[in-house]
Structure formats: structure tokens, C-alpha cells
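Here is the structure we will look at.
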Amino acid sequence: MPPPRYEPGTIEPKWQEIWSRERTWEVANDPADAHGAEKSYVLEMLPYPSGEPHIGHLKNYALGDAIAHFHRRTGRHVLHPMGYDAFGLPAENHAIKTGVHPRKSTDESIAAFQQAFRSWGISIDWSRELATHEPEYYRWTQWIFLKLFERDLAYRKEAAVKWCPFDQTVLANEQVIDGRCERCGNEVEARQLEQWFFRITDYADRLLDELDHIEWPEHVKAMQRNWIGRSEGAEVVFRCEELNIDYPVFTTRPDTLFGATFFVMAPEHPDVFRLAQGRANEDEIHHYVNRSLTESLEERGAQDKPKTGVALGRTVTNPMTGEQIPMFVSDYVLMEYGTGAVMGVPAHDQRDYEFAQAFDLEIRQVVAPEEGELPEGQAFLAHTENERLINSGEFTGLPANEGMQAIVDWLDREGKGHASVSFRLRDWLVSRQRYWGCPIPIIYCEDCGMVPVPEADLPVRLPDVEDYQPKGKSPLAAAEDWVNVRCPNCRGRARRETDTMDTFVDSSWYFLRYCDARDDEAAWDRKIVDYWMQVDQYIGGVEHAILHLMYARFFVKALADMGLLGFQEPFRALFTQGMILGPDGQKMSKSRGNVISPTPIVERYGADAARCYILFIGPPDQDAAWSESSLNGVHTFLSRLWRLGDELGSSSDPPGAEQPESADADALAVIRKAHWAIEKVTDGLSRLTLNTAISAVMELRNEISRHPDADPAARRFATATAASLLFPFAPHIASEVYELLTGRRVWEEPWPDADPAMLQAETFELVCQVNGKVRDRVTAPTGAPRELLEQLALESRGVKAHLDGREVVKVVVVPDKLVNVVIR
RNA sequence: GCGGCGGUGAUGGAAUGGUAGACAUGGCGGCCUCAAAAGCCGCUGUCCCUCGGGGACGUGUGGGUUCGAAUCCCACCCGCCGUACCA
């Protein structure tokens, strides 16, 4: 008869069937149901269902599942839901190519994800499952849009926006990467279009400040801080006397105002043509502006691009010096930031310096270091307390930082400026000229203008269309029956908004819907949402550090301001997982041919081995290359554990794995190791160093095998403990082994407690150092007094050999650990 | 430029001021076998010596703090990520 083998193919479906039939992971919304237990909301970022799940999904959900299980077994009432971010461009582009309705391909992909999650044994509360393309969900996305509209947080305006010529849609700033479309990689163009925006800039300060109060990785907070880009400075007015117009500029260096020798406007500045009117070079100015507007963003923003521009033939007054300084138009000034115009201080700004060089303008030094030379051939940028103002009228001689304040005060008194703060963050452009998204619930009436769809009429359903091809306006515009409606106000003729929402709108509130997912009276019940939220542990890829995570924070703040939520931040703690790279250490991609698909891995080695391996491979926040041989090593470990369970379980009658009362040396070693492992795994799960948690279970299993003749009761206890500790990572085999040994269900058992008495043996190995170098190791009794340890060390062979008659200056004793003898 | 993170054996990594290299992969050797696979056991940082033992060196580089530093501090080098005519 062949020896019994570990067969995940049999074990895993067995347990999955039980969890599914008994709805083991469903939780009620009633806090009373928790019997006083603390709540915990563990959430992985919802997947975008396109094709089949990939290995990154397995990592994401293996991680989240380990945390969810750990929280459950440590007595918390755990919400762990799942859903799908189902609207979006890939499904629509697929539809354009094949004619298959995006709903069909999306639903097929969702089915593949559901199947995968079940075969991976992820502990999901399926009663809360949602998908953002279902009318039951997007009805409330539309409702939130209307709430934002009511508060003027959703608005329409014409602006220079980013347009992708390939996808034929506008994009949010955040979706433009290096001047290219995030989706298709084509160069993005600038276009002047009327679009829908969310007023996220109203929240810039709060989005920045409250980063200090959430447990997020430092680099993610840093990315958000950079993106928000708060700059303190002043707004200063430069007056064009000829035309009687005041032009404000924003500057972070008001201390350099005396050095402003010219003035530059962005090509998009609405006053450029007016200023150019009747000038000798009017044509040249028009030509320059038009070229700037049609230039791709990538070209315009190129790093080493020489400064270009055209003089406007007019002047403004420098408010400090009263001098008339020339005006220019140049594409290095951006309309979207500050006021669309800048003062040129060539001595103290590198870009202004380059511009002044190109146009032969005066470079006037107004800040100087207290000692040392000024840099040659470039602007002097430093701004510290070690500089003083020069050539600055009454302010000359002041330290730069004091001078800055004094100048701002002066401007304020004279009515020529004031302290000001500028943000890099722009409002969120949310409309898209595409089909597969949530319709914007607005109607345009010939008489009443823009009218919100009444709440009772929600959802505005996405109609079916024949042709998904984008033509510069939404494919929905072709659905005439749908577009033409009666005005909700006057019953007159009206047309629906045909743009759809950015899919990031859908995913900015899904975590709220999970709390009360089956509510068809409201988006959520505030009591229920306030109970479950915030998300206690959010897990996902770092690629969402800016977009999704910023938008979701904005939504929660806006909804809280409306009294709809009782908290300010959605995600109390965030964990960003690293990527799984191909076996070659490169990012997985079809073109490289290094893609590892989870399905065959799970079929061959089992979900437990795949999940364990992915968590064991290294710290989960780091990237890691796939290695089949390492995976095989994890599989070997699971096989050995299973064999131990099989061997010890069948010899146990009746089943049981209690810690034996008395034990010999062998048994004690095994029991001690079990308690040691409990502590290590608990710590690893708390700190999310899951790789070390799994290695602790491996060590425990090694120890059990190292003592084949120990009391079987002790070995059963230790093996059951190993299974119990492994459950968050490999739930199927853990359930199986635990059942073999005890007849009980491991997930119904409390998390084991380490007995402090078992964490220490009667003796320990005393490290004996001389001048910090290890010279010997001797056995010493645990808890021995310092004097004894000192004596043992001094008498040890290794220490004696190194004393060599030299003077002992000092002896440092670390109880239960080491002695360091310091000699001269 | 600015911001963030990191640099430890052949490889992935461990070590939260106290034995550097846990655990695993790979490699080498052995057991089992007619053989292979599987399984099991042992060794495996570098160098040196008088080799059943012992010593020196060793966590990117150079300093510092400390009885003791991979860990803390300073300077530098290298790498990765984000961001960038943001005034």
C-alpha cells in the first residue's frame, strides 16, 4: 500500500463546500450580534474585472484574508466583503473591437473572479457582493452626484482640458502620465471644452492636514502631499497703467520682488490677445499663442526645452520699485497654476534666469548670502536665514526671511498684495465621452437650463446602443429615445446629459455600500455605516496612491460635511503590497512571455501552497520575483505537516490535542517550541510581517520532526498548534490537520495564547563577550542574578583566554542574555 | 531639481542597540532504490592556521555615539519609486 499523500485537490473543495453551505463568513450589521466584540473592517481594493484574475490578485486577497482570519480568531467581529469595479474603458474597447456588449464581457469576467475567489478559499461575506455597473449600485452613485451638485461641489465649466485623441475622451490630470494617456499611451492634447468637475480643491487643506492622523505608509502620504502641492507665498498686483488693469501674480519669494525685471503671461491667459491688439507684432503674438496651444503637453513640458516667448510691447509697474517692466507671453508659464502670470526674477529663479538670458533682460541681484560667492551662470535659489536683502530700498539689510514678511506686510498696507497659499491640486474632471460608465443624472431643458434628475427617477439607466465607437461625443448621444426627455420642472422639451462619469467616481464610495449593501431605500443607513467604518485595514497596490485614495478621501469628507457620515477618513490603516514579478525579475507582461497565471499553479500545488508561498516569498510590501522552486519548498512543508497530522491523528483515540500535564525533555522541547511559535506568528500577524510568521510555523514543524520519540500527546499538541497558527495563511490544510487531531473546526477555536512560563527554559545559553566580541557560550540558569552570570563569564574558557592578564575595566550584564567583559 | 524608500551569503530574505545570516531556495555529500522520481539525513558567509580545534575579516563607503551598531547620528556613493517649466 502506498503511503498516504497530501492531496490539496481533495482537501480544498471539501472545506470550501462547508464554508459556502454554512455561509461561515457572513456577518450581521447588528452590533448586538457581535456580543460586545470589537468590530473590524478588513478590505482589499476591489478588482477591476477584465479577463481572468492574475497573480497580483492572489497576493492581494491572500494578504487580506490572513488579516481577516486573524482578526476573527482574536475575537473581533469582522466585515470582509467583495465586489467588482465593473465600468471602464477596457471592456468598452473590447466591445468596439468585437461588438460584444461590455456588460456581457464584464459579467463573464466577474464569474471568473468569483470562481477564483472560491477556489482560493478566501473568506468573503458573499451576501454583500456588489458590482458598480448594476443599476442597484449606480443608482446611488448618481444620487451622490446630485448631492455634490446641490452643494455646488459638482459643476460645469469650460477649461483647457486634457484630451486623448485615441480614446476620444477627456482625462483627469491624474490620468495623464508623462503627457500621455494612462490607458492607451497616446500623447494627450489640450482642448478647450466644457466639462463636469468635482470641487476637490475646496478640500485641499483638509486632505493635506489629515494625512497626519492616518496610519498609512510614509511614501503614500508623501505622494499625496506632493500631489496636493501646497505652497505658501503672496499674491502681488502688477498694474498695467496703459490699460488700467491689475494683474495679480503668485510668488513663493516675495522677498525677491525688488528683483522683478519683467512680467510673463501664459499663452492661454485670456488677456493676451487684448494686450496684443494694435501692437506692431500682433501677428507674431497670435502665431506664438496658437502654436503653444496645439503643441502636445509632452513637447511643451520637455525638460531641456529652451525658453521661447514674444514681447507684448506693454509694461506693468513693479509695485516695490515703481519701475515699468516689460510684458511677455511665454509657454513656460502655465495657466492652470497660480494666476496664469508670473513676475520674472531672473537673479533668483532658474527659469526666469534662462528667459532673461534668451531675451537679454536685466538680472538684478536682491538677495545675497552672508558669506561665500554667488553662483555663476545660474540663478541663486537658496532661501535660508543666512542671507540678506540687497538693492531692496528700505528693506535692504534685512535677513531674507524677515524681509519677506516685511515686504508682504507693506504690500498689504498699500493694497498691492497679501499673503497667499497656492495648491498644485486641480479640480477633478469627472465627465467622459464614453459609453461604459455611470450616466450623469442631469437634464438640459430649453427653458429651465440645467436640471437635476429627481431622486425618485433614479437610476438613470444606461441604455443599450449599437455602436460603441467614440466620435468625440458620448456614444449615448446616438440613443435618441433615451436622450430626448421631458423637463422634470416644466415638462418642456429637454435632453439628457450624454457624458458618463469617470470610473473612479464608482470606486470612491463602494466601501460605504458594503456596510449596507442590500438597502434599496437609501445608499446606506448612517447608523450601520458609522458602526463598520472606518476601514480598519485597507490593502491594495501602490498604483492607487494618488487617484483612488485621494478621491475616496474627498468623497468621505464631502459626505461627512453633508451630515451623511460620522467620520472624516475612510481608511484608518493602509497597506500597499508589492508586485509579483516574473521569474526573470521583470514586471509580468504578455510581450515578455513571463506571465504566471494563478489557475494552473493552484491546480498543481493547491491554493494553500500558492497562498503561503506568496506570503512567504518576502516582506509583502516589497516586490518579489516568482520562483517555482521556492513554491515547491512551501508545498513540501505543507506535505510534511499533513503527514504529521495524518500519522498522529490516526493514532489518537479518542481524538484530542491538549497540552500534556507532564513532559520529559523531548516533549518539553516540542511544547516550548509551540509556545514560541504562537508568539512569533501572533507578532507577525500584528505587524504584517507574514513571511516571518510562516517561517515560525516551519520551525515548529521542524522541531516536531526532530523529536520523533517524544510523547505523542506533546507532538499532537504541537502539530495542532501548528495547524491553528497556519490557518490564516493556508485555511484548508489547517482545517484538515486540526480536524484529524482534534475532531474540531479550527476557525471556531480562539487564537492560541502563548504561556509565558513556556517561553523560557530553565537554562539558557549565556553569551560571553570580551570587548563586544563573542568568546564563549556557556549554559546558565534562567533568572540567575547578575553576580552569578558575571562569574560564569569570567570563568569561561574563551573569556579567560582573551583576558590574558589584562585589566578588567567594567563588566556589562544583560540578564538572561549576555555578559560583556570590557578590558584595557 | 524636489519628495519618499532602500543597499546583509550564490538567491529570496531574518535580526525593533545585545550571538549577523533565522526560514527557504540553490549547491555539495549520504541513506533508500535494480534504477529513477518521491522521501529522509547531514554540510554550506569569506579567508587563514600548527585543522576532533582555533583565529582574522564580514551587513554600499568614510567618520561618530556606545561596554556593544546591520540597527542610532553625520557626510558621501549607488539603486528603485513618485513628481516636475507648479512661479
Side-chain angles (χ1 to χ4, degrees), chain A residues 2-3 5 177-178 217-227 229-231 233 249-253 256 260 264 266 300-305 307 330-334 336-345 348-352 354-355 381 422-426 542-543 545-546 578 585 613 616-619 621-634 636-637 639-640 643 680 683 687 689 691-699 701-702 705-706 765-777 798 801 809-814 816-823:
Chain A
R5 281 173 58 96
I177 312 293
D178 293 333
E218 204 43 56
H219 69 283
V220 176
K221 290 192 190 183
M223 281 162 80
Q224 292 217 348
R225 285 192 191 105
N226 283 341
W227 194 263
R230 184 178 196 272
S231 296
V249 301
F250 175 76
T251 176
T252 53
R253 295 291 306 274
T256 65
V264 194
R300 177 165 167 184
Q303 214 168 62
D304 44 5
K305 192 186 167 185
K307 294 284 174 287
S330 172
D331 64 3
Y332 83 92
V333 178
L334 307 176
E336 311 93 271
Y337 187 74
T339 62
V342 301
M343 63 179 194
V345 185
H348 304 290
D349 181 283
Q350 189 59 31
R351 296 152 302 178
D352 296 345
E354 286 162 19
F355 191 80
L381 305 173
S422 199
F423 290 94
R424 214 193 75 119
L425 183 71
R426 315 279 153 74
V542 72
E543 65 274 15
I546 296 172
Y613 164 66
F616 176 69
I617 191 171
D621 56 341
Q622 276 176 35
D623 293 351
W626 185 263
S627 152
E628 186 105 0
S629 53
S630 288
L631 166 64
N632 201 34
V634 172
T636 303
F637 155 66
S639 303
R640 288 166 172 170
R643 277 203 304 274
K680 293 293 263 190
D683 181 60
R687 296 193 298 133
T689 52
N691 51 329
T692 61
I694 292 170
S695 77
V697 184
M698 289 176 172
E699 284 196 57
R701 199 227 52 94
N702 289 346
S705 290
R706 215 170 282 135
E765 193 176 61
L766 178 70
V767 173
C768 306
Q769 298 179 333
V770 176
N771 284 353
K773 291 202 162 120
V774 180
R775 295 304 182 189
D776 211 338
R777 297 179 169 91
V809 181
K810 186 176 174 183
V811 180
V812 179
V813 180
V814 182
D816 291 341
K817 201 155 252 167
L818 62 78
V819 173
N820 186 15
V821 180
V822 185
I823 60 170

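In what follows, every heavy atom counts, from backbone to side chain, and hydrogens, waters and symmetry copies are set aside. Residue numbers begin at 1 in each chain, while the letters A, B, ... track the order of the sequences.
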Each base of RNA chain B marked ( ) or [ ] if paired in-strand (Watson-Crick or G-U under 3.5 Å), | if paired to another strand and . if unpaired gives (((((((..(((.....[....)))((((((.......))))))(((((...)))))..(((((..]....))))))))))))....
Qualifying residues under side-chain hydrogen bond (donor to acceptor under 3.5 Å, both in side chains), relative to [X], sequence neighbours excluded:
| X | result |
| --- | --- |
| A:Ser627 | A:Ser629, A:Ser630 |
| A:Ser695 | none |
| A:Trp626 | none |
| A:Arg230 | A:Asp205, A:Glu232 |

*asked:* Does A:Lys305 contact B:rC85 through a side-chain donor or acceptor facing the base, at a distance under 3.5 Å?
replied: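 Looking at the base of B:rC85, it does not pair with any donor or acceptor on the side chain of A:Lys305 (distance under 3.5 Å).
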Exercise. Does any N or O donor sit under 3.5 Å from an N or O acceptor when you compare the side chain of A:Arg640 with the base of B:rC40?
Worked result: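 Side chain to base: no pair present.
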(request) Would you kindly give the CG-to-P distance between A:Asp331 and B:rC85, to the nearest whole Å? (result)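 After rounding, the reported distance stands at 11 Å.
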* Rounded to the nearest Å, what distance is computed from the CH2 atom of residue A:Trp227 to the C1' atom of nucleotide B:rC81? ->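 Interatomic distance, CH2 of A:Trp227 to C1' of B:rC81: 15 Å.
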Would you mind classifying the nucleic acid contact of [X] as base, sugar-phosphate or nothing, using non-hydrogen atoms under 4.0 angstrom?
| X | answer |
| --- | --- |
| A:Val345 | nothing |
| A:Arg643 | sugar-phosphate |
| A:Gly633 | sugar-phosphate |

Who passes side chain to side chain contact (heavy atoms under 4.5 Å, CB included) against [X], sequence neighbours left out?
| X | result |
| --- | --- |
| A:Val634 | A:Cys612, A:Tyr613, A:Phe616, A:Met698 |
| A:Asp349 | A:Arg351, A:Asp352 |
| A:Thr636 | A:Arg640 |

Its contact letters, B for base, S for sugar-phosphate only and - for none at protein heavy atoms under 4.0 Å, make nucleotides 44-57 of chain B read ----------SSSS
B/S/- along nucleotides 16-23 of chain B (protein heavy atoms under 4.0 Å) is B-BB--BB
>> Going by salt bridge (Lys or Arg N to Asp or Glu O under 4.0 Å), name the residues that satisfy it together with A:Asp816, two or more places apart in sequence or in a different chain.
In response: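 Expected list: none.
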Practice item. Find which nucleotide of RNA chain B each of A:Ala222 and A:Met343 is nearest to by heavy atoms, and output the residue with the more 5' nucleotide. Key: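 Residue closer to the 5' terminus by nearest nucleotide: A:Ala222.
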Inset, instruction - Let me know, please, whether A:Tyr337 or A:Ser705 comes out on the 5' side of the other along RNA chain B by nearest nucleotide. - result: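 Looking at RNA chain B, the more 5' nearest nucleotide goes with A:Ser705.
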query = Among all residues two or more places apart in sequence or in another chain, which pass the ring pair (Phe, Tyr, Trp, His ring centres under 6.0 Å) test with A:Tyr332?
reply =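 Here the qualifying residues are A:Phe355.
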Legend entry - Electrostatic pair A:Lys305-A:Glu354, nearest N-O below 4.0 angstrom: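 Looking at A:Glu354 together with A:Lys305, the answer is no, because their closest N to O distance does not fall below 4.0 Å.
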